[in-house]
**Student:** 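Mind looking over this structure? Questions follow.
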Amino acid sequence: MPRIRRRSLAAVLTATLVATTLLTAVPAVAQTDAPAAPASRDDARTPDGSTEGLTAAAAGLVSGRLLFSTTSNPGGEPVSIGEVVAFRESLFTGDFLWQDSTSTFDVEGDWSMPDLPVGNYRFSFLQDGEPLYSRIWHDHAREADSSTPVALTEGVGVNFGTVVVPQRLFGINRVAGADRFATSVALSQTQFTNDAEVPVVIVNGLDYPDALSAGPLANAFNGAMLMVTPTGIPAATAAELTRLDPTIIIIVGGTGVVSASVAEQLEAFVTTGSGVVRIAGADRYATSRAVLDNGFDGVAPSEILLATGRNFPDALAASAAAGHIQGAVLLVDGAASTLDAPTTALLDSIGSTVSVIGGTGSVSTGIQQAVATLGLGGNRVSGADRYATSVAIAVEFFVYADYAYLVNGSGFADALAAGPIAGRRGAPVYLTSGACVTNSVWEDLEFLLANTVTTVGGTGALSSSVYTLTNCSGVSYPAGFTGEVSAPVASGD
């Protein structure tokens with residue numbers, strides 16, 4: 001089944017903006033003051049309160065009316081360009097996957113979606129209001145996970161009544177620690193409760209090669225990824241291992257990357273599980289192949305993202321995408337004229353679709369052609385530079401996302417730590433300048449439809465301009481609220 005890519009709304013809206021000459025050298029979304037948003041969720045609804053509960057409609061038909069709030073009419077105007085999207089719960093994974101959508105509205109904003117199969121659904125509502133187009137979930141939730149599921153049964157339709165989508169405001173937070181190890185811990189604490197008893201992948205936080213394939217491995221095991229040095233376990237990492245109470249610890253890299261002494265020390269943190277195992281090869285490429293061949297417990301990744309091991313940016317941006325789609329990142333010598341024999345044999349034996357990450361300066365045309373010759377695809381996902389490539393990855397692998405992560409594209413540590421967390425949350429990792437939000441990234445944040453943006457790393461990594469979503473042309477998105485420097489999840493005790 002082909003992967004669903006980002007759907008047509010972004011293109012439709014862009015065309016509309018161009019047609020109405022709203023797209024100029026300074027982005028049309030720029031303004032000095034953010035518009036007034038509804039004071040509460042109830043304020044965003046029409047007086048009939050019809051979204052308080054779903055009501056019966058024509059058999060098998062899902063329908064409703066979609067309005068959007070504007071500065072001049074906070075109560076709502078009919079949507080003409082927008083989309084209602086139905087995501088159906090998978091019986092196998094429990095994930096909500098795209099099922100159907102409609103972008104057809106009459107002059108009153110009425111819409112309908114017939115013949116959805118029986119199941120549990122989440123519905124999102126998109127609109128082209130001012131100054132940014134935006135999305136909410138039923139029932140007026142900012143994120144899918146907090147939305148109200150809808151059960152569709154045979155022969156019974158539902159009507160959502162009138163839904164008013166409020167104006168778009170970005171929530172912004174920063175997750176950071178005193179150093180790269182503490183930042184990795186702070187990210188882990190946003191996702192895992194005390195005594196989570198999950199697998200933990202361990203990587204060398206001082207160098208990137210062996211670690212680049214590790215993020216999707218952590219996602220495959222629904223676990224965390226933490227950093228050590230080659231010869232020791234930082235105090236922050238040790239404390240987080242104690243808090244997580246891991247069931248198994250998987251070291252990625254040989255003893256030159258994470259020493260035997262560190263492996264022995266890690267044994268003490270697995271009190272009731274499978275102990276410590278190591279996945280390693282003779283070099284970064286062999287280690288990457290070993291992760292793919294041995295680390296996914298015999299389950300073929302949905303897709304393999306092929307990236308150069310000579311540098312880190314492309315592979316780091318790909319890590320979150322691979323984790324999100326239950327895929328893997330495989331490193332190759334991108335300067336080689338073709339695939340080496342071990343990689344060719346591994347890809348051929350697994351049979352997963354392969355995408356090539358980065359331009360021809362990162363991964364050669366010969367390698368791409370070798371993938372195509374194997375019958376494994378070889379679609380290239382790239383941009384003009386590392387920042388634009390991270391945008392291309394977001395467009396290719398994330399239909400929409402409620403969250404997005406920003407990292408400094410000039411360093412690997414924070415991006416390395418963010419990859420598995422972002423993959424777990426279904427969010428892209430954008431590489432940006434540390435001084436301001438790179439323009440290509442800034443523009444795609446609108447089309448991604450994320451309501452919450454997390455900056456990873458302290459002010460030395462990402463400036464206050466990045467934190468306020470100010471692009472390198474000096475234009476900012478309207479901010480709805482800001483979060484603390486780190487936001488650990490509640491205790492699991």
**Student:** What I'd like to find out is whether the side chain of Ser464 reaches to under 4.5 Å of the side chain of Thr459, using heavy atoms alone.
**Tutor:**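 Not touching, per the 4.5 Å side-chain cut-off.
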
**Student:** Just checking, any donor-acceptor pair under 3.5 angstrom between side chains of Ser213 and Ser288?
**Tutor:**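 Note: Ser213 and Ser288 side chains meet the donor-acceptor criterion.
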
**Student:** Return the minimal non-hydrogen interatomic distance between Ser465 and Ala435, and the atom names on each side.
**Tutor:**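 Closest pair (atom of Ser465, atom of Ala435, distance): CB-O, 3.3 Å.
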
**Student:** Could you grab the distance from atom CH2 of Trp98 to atom OG of Ser124, nearest 0.5 Å is fine?
**Tutor:**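 Rounded to the nearest 0.5 Å, the CH2-OG separation comes to 11.5 Å.
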
**Student:** Spell out, as yes or no, whether a donor-acceptor pair under 3.5 Å connects the side chain of Ser352 to the backbone of Ile304.
**Tutor:**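 It does not hold such a pair.
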
**Student:** How about Ile81 and Tyr133: do any of their side-chain heavy atoms sit closer than 4.5 Å?
**Tutor:**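 No; the side chains remain at least 4.5 Å from each other.
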
**Student:** State, to 0.1 Å, how close Arg386 and Asn311 come at their nearest heavy-atom pair, and which atoms those are.
**Tutor:**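 Result for this residue pair: NH2-ND2, 4.1 Å.
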
**Student:** side-chain contact (heavy atoms from CB on, under 4.5 Å) with Val381: which of Thr389, Leu305, Leu306, Ile393?
**Tutor:**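 Only match with Val381 under side-chain contact (heavy atoms from CB on, under 4.5 Å): Ile393.
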
**Student:** Checking side-chain contact (heavy atoms from CB on, under 4.5 Å) between Ile279 and each of Leu292, Asp210, Leu217, which is the one that passes?
**Tutor:**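 Single side-chain contact (heavy atoms from CB on, under 4.5 Å) partner of Ile279 among Leu292, Asp210, Leu217: Leu217.
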
**Student:** Determine, stepwise, if the pair Val277 / Ile251 fulfils side-chain contact (heavy atoms from CB on, under 4.5 Å).
**Tutor:** CA-CA 6 Å; Val277 300; Ile251 299 170; over 6 Å; no

**Student:** Applying salt bridge (charged side-chain N to carboxylate O under 4.0 Å, His left out) as the test, list every pair that has at least one member in residues 310-325; sequence neighbours left out.
**Tutor:**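 The answer is Arg310-Asp333.
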
**Student:** Out of curiosity, Asp95 CG to Thr93 OG1, how far, rounded to the nearest 0.5 Å?
**Tutor:**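 It is 3.5 Å, given to the nearest 0.5 Å.
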
**Student:** Pro209 versus Asp207: any side-chain heavy-atom pair under 4.5 Å?
**Tutor:**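 Yes, at least one pair of side-chain atoms sits under 4.5 Å.
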
**Student:** Applying side-chain contact (heavy atoms from CB on, under 4.5 Å) to Trp137 and Asp402, what does each step give before you reach the verdict?
**Tutor:** CA-CA 10 Å; Trp137 295 81; Asp402 291 324; 3.0 Å; yes

**Student:** What distance do Phe125 atom CZ and Ser147 atom OG have between them, rounded to the nearest 0.5 Å?
**Tutor:**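 If we round to the nearest 0.5 Å, Phe125:CZ and Ser147:OG are 9.5 Å apart.
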
**Student:** Does Thr432 use its side chain to pair, donor to acceptor, with the backbone of Cys436 at less than 3.5 Å?
**Tutor:**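 Yes.
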
**Student:** Where do Ser476 and Thr470 land on the side chain to side chain donor-acceptor pair (under 3.5 Å) test, with the steps shown first?
**Tutor:** CA-CA 4 Å; Ser476 300; Thr470 302; 2.5 Å; yes

**Student:** Please report the interatomic distance CD(Glu303) to CG(Asn379), rounded to the nearest 0.5 Å.
**Tutor:**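 One finds 8.0 Å between CD of Glu303 and CG of Asn379.
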
**Student:** Less than 3.5 Å apart, any donor N or O on the side chain of Tyr477 or Arg168 sitting next to an acceptor on the other?
**Tutor:**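 No.
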
**Student:** For Gly177 and Thr183, work out which heavy atoms get closest and say how close.
**Tutor:**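 Looking at all heavy atoms of both residues, the shortest contact is N-OG1, 2.9 Å.
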
**Student:** Minimum heavy-atom separation for Ala394 to Asp444, with atom names?
**Tutor:**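 Looking at all heavy atoms of both residues, the shortest contact is CB-OD2, 3.8 Å.
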
**Student:** For Ala214 and Val203, work out which heavy atoms get closest and say how close.
**Tutor:**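 Answer, listing the atom of Ala214 first, then Val203: CB-CG1, 3.5 Å.
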
**Student:** As an exercise, state the distance from OG1 of Thr360 to CD of Gln368, rounded to the nearest 0.5 Å.
**Tutor:**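 One gets 9.0 Å once the value is rounded to the nearest 0.5 Å.
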
**Student:** Would you say that Val441 contacts Leu406 through its side chain, given a criterion of any heavy-atom pair below 4.5 Å between the two side chains?
**Tutor:**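 In contact.
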
**Student:** Counting N and O atoms only, with roles assigned by atom type, does the side chain of Arg122 sit under 3.5 Å from a partner on the main chain of Phe87, one being a donor and the other an acceptor?
**Tutor:**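 A pair under 3.5 Å: no.
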
**Student:** Can you tell me if Thr287 uses its side chain to pair, donor with acceptor, with the backbone of Gly281 under 3.5 Å?
**Tutor:**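 A pair under 3.5 Å: yes.
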
**Student:** Please tell me whether Ser440 and Thr438 have a donor and an acceptor in their side chains that are separated by less than 3.5 angstrom.
**Tutor:**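 Judged by distance alone, the side chains do not pair up.
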
**Student:** Is the backbone N or O of Asn222 less than 3.5 Å from a side-chain atom of Asn219, with the two atoms forming a donor-acceptor pair by type?
**Tutor:**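 Not at all, since once roles are kept as given, no pair shorter than 3.5 Å links the two residues.
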
**Student:** Could you go through Val200 and Leu244, starting from their C-alpha distance and side-chain angles, then the distance that decides it, and tell me whether this counts as side-chain contact (heavy atoms from CB on, under 4.5 Å)?
**Tutor:** CA-CA 9 Å; Val200 174; Leu244 291 175; 4.0 Å; yes

**Student:** With distance as the sole test, does Arg289 use its side chain to make a donor-acceptor pair with the main-chain N or O of Leu346 at under 3.5 Å?
**Tutor:**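 No, the answer is negative, given that no donor and acceptor are paired below the 3.5 Å cut-off.
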
**Student:** Do any pairs count as a salt bridge (charged side-chain N to carboxylate O under 4.0 Å, His left out) and have a residue in residues 218-241, sequence neighbours left out, and if so which ones?
**Tutor:**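 Every pair satisfying salt bridge (charged side-chain N to carboxylate O under 4.0 Å, His left out) with a residue in residues 218-241: Glu240-Arg243.
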
**Student:** Mind checking whether Leu241 and Leu226 have side chains closer than 4.5 Å, heavy atoms only?
**Tutor:**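 Yes, close enough: below the 4.5 Å cut-off.
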
**Student:** Starting at CG of Asn451, measure out to CG of Leu449 and round the result to the nearest 0.5 Å.
**Tutor:**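 Answer for the CG-CG pair, Asn451 versus Leu449, is 8.0 Å.
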
**Student:** So, Ser259 side chain and Pro230 main chain: donor-acceptor pair closer than 3.5 Å or not?
**Tutor:**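 At least one qualifying donor-acceptor pair exists.
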
**Student:** Is a donor on one side and an acceptor on the other found under 3.5 Å between the side chain of Thr344 and the backbone of Asp340?
**Tutor:**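 Checked: pair present.
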
**Student:** Can you run down the ring pair (Phe, Tyr, Trp, His ring centres under 6.0 Å) pairs that involve residues 199-235, sequence neighbours left out, and say none if there aren't any?
**Tutor:**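 Counting only pairs at least two positions apart or across chains, the ring pair (Phe, Tyr, Trp, His ring centres under 6.0 Å) contacts touching residues 199-235 are Tyr208-Phe312, Tyr208-Phe412.
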
**Student:** For the residue pair Ser433 and Val466, what are the closest heavy atoms and their distance?
**Tutor:**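 Here Ser433 and Val466 meet closest at O-CG2, 3.7 Å.
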
**Student:** Does any pair with a residue in residues 313-334 pass ring pair (Phe, Tyr, Trp, His ring centres under 6.0 Å), and if so which ones, sequence neighbours excluded?
**Tutor:**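 Of all non-adjacent pairs touching residues 313-334, those that pass ring pair (Phe, Tyr, Trp, His ring centres under 6.0 Å) are His324-Phe398.
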
**Student:** Should Glu83 and Thr102 be marked as a side chain to side chain donor-acceptor pair (under 3.5 Å) after you check the CA-CA gap, both sets of side-chain angles, and the distance that decides it?
**Tutor:** CA-CA 6 Å; Glu83 196 168 26; Thr102 182; over 6 Å; no

**Student:** Under 4.5 Å between any side-chain heavy atoms of Thr237 and Ser184, yes or no?
**Tutor:**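 With C-beta onward as the side chain, the pair stays apart.
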
**Student:** Side chains of Tyr403 and Leu448: does their closest heavy-atom pair fall under 4.5 Å?
**Tutor:**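 They are not in side-chain contact.
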
**Student:** Taking Ser146 for the side chain and Arg142 for the main chain, is one N or O donor matched with an acceptor at less than 3.5 Å?
**Tutor:**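 Looks like no, no N/O pair under 3.5 Å.
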
**Student:** Output a table of donor-acceptor pairs, distance under 3.5 Å, between side-chain atoms of residues 264-272 and any protein atom two or more places apart or on a different chain; print 'none' if there are none.
**Tutor:**
residue : atom : partner : partner atom : Å
Gln265  : NE2  : Ser261  : O            : 3.4
Gln265  : NE2  : Ser261  : OG           : 3.3
Thr271  : OG1  : Asp245  : OD1          : 3.1

**Student:** Which residues pass the side-chain hydrogen bond (donor to acceptor under 3.5 Å, both in side chains) test with Thr454, sequence neighbours left out?
**Tutor:**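 Residues passing side-chain hydrogen bond (donor to acceptor under 3.5 Å, both in side chains) with Thr454: Asn173.
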
**Student:** Using distance alone, with no hydrogens and no angle criterion, decide if Ser355 and Glu396 have a side-chain donor and acceptor under 3.5 Å apart.
**Tutor:**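 Ser355 vs Glu396: no donor-acceptor pair found between side chains.
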
**Student:** Could you go through Asn439 and Ser473, starting from their C-alpha distance and side-chain angles, then the distance that decides it, and tell me whether this counts as side chain to side chain donor-acceptor pair (under 3.5 Å)?
**Tutor:** CA-CA 7 Å; Asn439 286 1; Ser473 298; 3.0 Å; yes

**Student:** Side chains of Pro420 and Pro216, heavy atoms from C-beta outward: is any pair under 4.5 Å?
**Tutor:**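 When only atoms from C-beta onward are counted, Pro216 and Pro420 do not touch, as no gap falls below 4.5 Å.
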
**Student:** For the pair Arg278 and Thr255, evaluate side-chain contact (heavy atoms from CB on, under 4.5 Å) and give the outcome as yes or no after the intermediate values.
**Tutor:** CA-CA 9 Å; Arg278 185 188 294 272; Thr255 54; 3.8 Å; yes

**Student:** Can a donor-acceptor pair be found, under 3.5 Å and without considering hydrogens, that links the side chain of Trp442 to the backbone of Leu469?
**Tutor:**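 Answer holds: yes.
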
**Student:** Looking only at side-chain N and O atoms, does Asn204 offer a donor or acceptor that is under 3.5 Å from a partner on Thr229?
**Tutor:**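 Result is no, nothing qualifies.
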
